[in-house]
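Just below is one structure, and these are the notes that go with it.
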Amino acid sequence: MADITQQMNNLSVEQGSQGNGSSRSQYVPPHLRNRPSGGNGSFGGNRRGGFNNNSFGGYDNNRRGGYSNNNNSFGGYNNRRGGFNNSRGSGRYNTPKPGVGRWVDGKHEPAERNDRLEKELYGVDDEPTTQSSGINFDNYDDIPVEASGEGVPEPITAFTAPPLDPLLVENVKLSRFTKPTPVQKYSVPIVAAGRDLMACAQTGSGKTGGFLFPVLSESYMNGPASVPETAGAFSSHKVYPTALVMAPTRELVSQIFDEAKKFSYRSWVRPSVVYGGADIGGQIRNLERGCDLLVATPGRLKDLLERGRVSLANIKYLVLDEADRMLDMGFEPQIRHIVQECDMPGVEDRQTLMFSATFPKEIQYLARDFLKEYIFLSVGRVGSTSENITQKILYVEDEEKKSVLLDLLSANDNGLTIIFTETKRMADNLADFLYDQGFPATAIHGDRSQYEREKALAAFKTGSAPILVATAVAARGLDIPNVSHIVNFDLPSDIDDYVHRIGRTGRAGNIGIATAFFNRNNKNIVKGLVDLLTEANQEVPDFLSKIARESAFGGKSMRGGSTRGGRGPSRDFRKQGGGFGGSSSSNWGNSSSSSSSGGWGASNNGGYSGYSGRSNGYSSSNYGNPSASNSWW
DNA sequence: AAAAAAT
């Protein structure tokens, strides 16, 4: 173990010395560093003097169906480049664009309020754009919260200024958020204290606000960072965002951007969004109008970095939403590239925040590469589901699924229903089938064009197609009001995927129903399912307990790839119990073992010392070399 | 084995 700790320390030293090249012997919270030093904004100006502020390309509104997606970015006030820039622009501040504030002479100058914009951003009274809190919202307070790591600050209890910035509080109120959720209560002071954070909280419990509130509030109070000397040559075509948020799907990134627009109203912070499948030219033009908070999918961001359109040299806040997914096999190399091999400040010189409802133990381990002395926060057991969701498991053979589905849909109320399938082909097939049967269904999956994806999602949201057949693309993060029913037409093989899928309902204290079709092809998930249902006080059908017992004898041990169907090593290796997180029992308040997603207190001591709490050590050979995990098999 | 993410 000593040996392991040593390796971890070495790793952290190496990281600290990369990025923008400054390693520090003494820790200084990022929010106390890189304060703008007077030069910032002192030229106050619009370096793009003659730029046409109103030239929103047709791109956004045309392509994006129901989204209202003006970037509100005003031509060029993005001016914080000290001496670089004095020769550019007149220094005269042109007619301000509504809703866009400024950071001038080390002070925040919020813009005036604007009725039209407020209506656009927050809706009118009878049609709020924000999902209202449900009847069980206050029950969140009963969920046990664990925050571990050194010096965890006291949680806030309300949206007040201080400690939050007054403008942020106003915007939160306009968005009809009345009271912080548990994850928000803790994340606000943790981020304000300059700490890194790994936050695990149930689906629908306010994680997006959990990072946007503190990041924006701190940004309003502290202003932009100055561009480090080590930054590449100045280019008027390059933007230097202060905060970067990455998420695994385009629709989720778009949704986070829409939220960011609400909370950044009137401030100096201009949010932008970039993702694949959409016209990159339009996105670049939007970036050029200013970009302080960038919300991105990894692939498109990498592209823009290579094109020299974005610099990460100014990043103070790095947020990974759905962090376990972002660090899973498919994404981890891209994230590692963006975070460690481009120009982003090193781990010691930025704040890194990770959020998810699930966080398998070996991914938590991987995550430490990107975190410094962090606080681990969990609301409820990591990977548990909200009790606001009533879960039903039906035994349905494959051939019967369609007819049972028709029965379910016929009996449904007027809420929205999402049906998950395992394959894109089946999603199309099923959507066509339902449509032919007279059900207004549409489909979303990765083989559809981005335009079709967004159109499908918009049609679903507005209720013109109240049935959405979806693959995993819609499993995480999407916050769609009035989704009352989730059907797992096919169950996923990973219990964490199930958790995210059913989490599209039962959000913000509202209730929801999740129905799953189970048969013997789903043995791989049966134990996780039984544990999950038990923990969430849901009924466990007899057939399920029975199959779980059978499986406990038969094929549970997956060592050596000996299970049924030749199921070899896969990302499910984390379920094997060895190596990382101990056994896979579900446990509340028992730190000696944990489920796949890590239990209470499993990773408690933020930072590397947390390791000492583990009895199980690492049997895997790639310890200390996480990137090797990609070539593990 | 599937899905997602740049073109």
Side-chain angles (χ1 to χ4, degrees), chain A residues 244-256 273-284 287 294-310 320-339 342 356 358 363 398 418-430 443-454 456-457 469-478 488-498 500-501 504 521-525 558 561 563-573 575 630 633:
Chain A
L244 172 63
V245 179
M246 287 191 283
T249 66
R250 298 162 181 176
E251 287 76 13
L252 180 52
V253 147
S254 179
Q255 173 185 293
I256 294 167
V273 65
V274 298
Y275 54 81
D279 172 35
I280 196 169
Q283 291 178 357
I284 288 172
L287 287 176
L294 179 59
V295 191
T297 47
R300 177 55 60 94
L301 175 58
K302 181 168 179 282
D303 192 352
L304 290 163
L305 287 164
E306 284 162 1
R307 293 179 188 225
R309 293 299 188 149
V310 175
L320 297 185
D321 196 14
E322 307 295 345
D324 57 332
R325 178 77 186 86
M326 300 301 279
L327 297 173
D328 201 347
M329 273 177 53
F331 273 116
E332 187 260 356
Q334 296 176 65
I335 302 301
R336 195 171 285 277
H337 171 77
I338 290 167
V339 175
C342 297
S356 185
T358 58
I363 308 247
D398 289 344
I418 304 180
I419 301 165
F420 283 102
T421 65
E422 270 298 86
T423 65
K424 293 177 275 201
R425 210 169 55 118
M426 180 57 95
D428 275 336
N429 174 312
L430 199 53
I444 186 168
H445 60 70
D447 275 353
R448 302 201 76 187
S449 72
Q450 193 54 30
Y451 176 75
E452 290 172 319
R453 284 165 60 158
E454 290 174 11
L457 195 57
V469 187
T471 60
V473 70
R476 282 176 175 261
L478 298 185
N488 274 289
F489 188 84
D490 302 315
L491 274 163
S493 55
D494 187 326
I495 190 66
D496 287 345
D497 293 340
Y498 173 84
H500 286 279
R501 287 181 181 186
R504 295 321 94 217
N521 296 328
N522 303 119
K523 275 183 182 172
N524 48 13
I525 202 181
M558 298 194 290
T563 44
R564 175 196 60 77
R567 177 175 163 168
S570 71
R571 59 189 272 240
D572 290 328
F573 70 87
K575 301 295 159 55
N630 296 310
W633 41 82

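Naming: A, B, ... by sequence-line order, numbering from 1 per chain.
The nearest whole Å value for the distance from the CD1 atom in A/I280 to the P atom in B/dA5 is 15 Å. Regarding A/M326, its CE atom lies at a distance of 9 Å from the C1' atom of B/dA5, rounded to whole Å. Separating the CG atom of A/D447 from the P atom of B/dA4 is a distance of 7 Å, rounded to the nearest angstrom. As a whole-Å value, the separation of A/E422 CD from B/dA2 P is 10 Å. B/dA4 atom P lies 11 Å from atom CZ of A/R501, rounded to whole Å. Per the geometry, CZ belonging to A/R425 stands 15 Å off P belonging to B/dA4, to the nearest Å. Taking atom CG on A/L252 and atom P on B/dA4, their separation rounds to 14 Å, with Å as the unit. Rounding to whole angstrom units, CD of residue A/Q334 and P of B/dA5 are separated by 10 Å.
Backbone-only contact: A/G446 has heavy atoms under 4.0 Å from sugar-phosphate atoms and none from a base. Within the nucleic acid shown, A/R453 comes within 4.0 Å of sugar-phosphate atoms alone, with no base atom in reach, counting heavy atoms only.
Side-chain polar atoms of A/R309 and A/Q283 form no donor-acceptor pair below 3.5 angstrom. With no hydrogens or angles considered, a side-chain donor-acceptor pair links A/E454 and A/Q450 at under 3.5 Å.
Scored by the salt bridge (Lys or Arg N to Asp or Glu O under 4.0 Å) test, A/R448 finds A/E452 as partners (sequence neighbours excluded). When the side-chain contact (heavy atoms from CB on, under 4.5 Å) test is applied to A/A427, the partners found at least two apart in sequence or on another chain are A/T421, A/H445, A/V469, A/T471.
For B/dA6, the OP1/OP2 oxygens have a side-chain nitrogen or oxygen of A/R250 closer than 4.0 Å. For the OP1/OP2 pair of B/dT7 and a distance below 4.0 Å, the side-chain nitrogens and oxygens of A/K302 include no atom meeting the criterion. Between B/dA5 and A/T249, no contact under 4.0 Å exists linking OP1 or OP2 to a side-chain N or O.
Considering only heavy atoms from C-beta on, A/L244 stays 4.5 Å or farther from A/V310 through its side chain.
Judged by atom type and distance alone, A/R325 reaches the base of B/dA4 through a side-chain donor-acceptor pair under 3.5 Å.
Relative to the side chain of A/T297, the nucleotides B/dA4, B/dA6, B/dA2 differ in distance, and B/dA6 lies closest. Distance from the side chain of A/D303 is smallest to B/dA6 among B/dA3, B/dA6, B/dA5.
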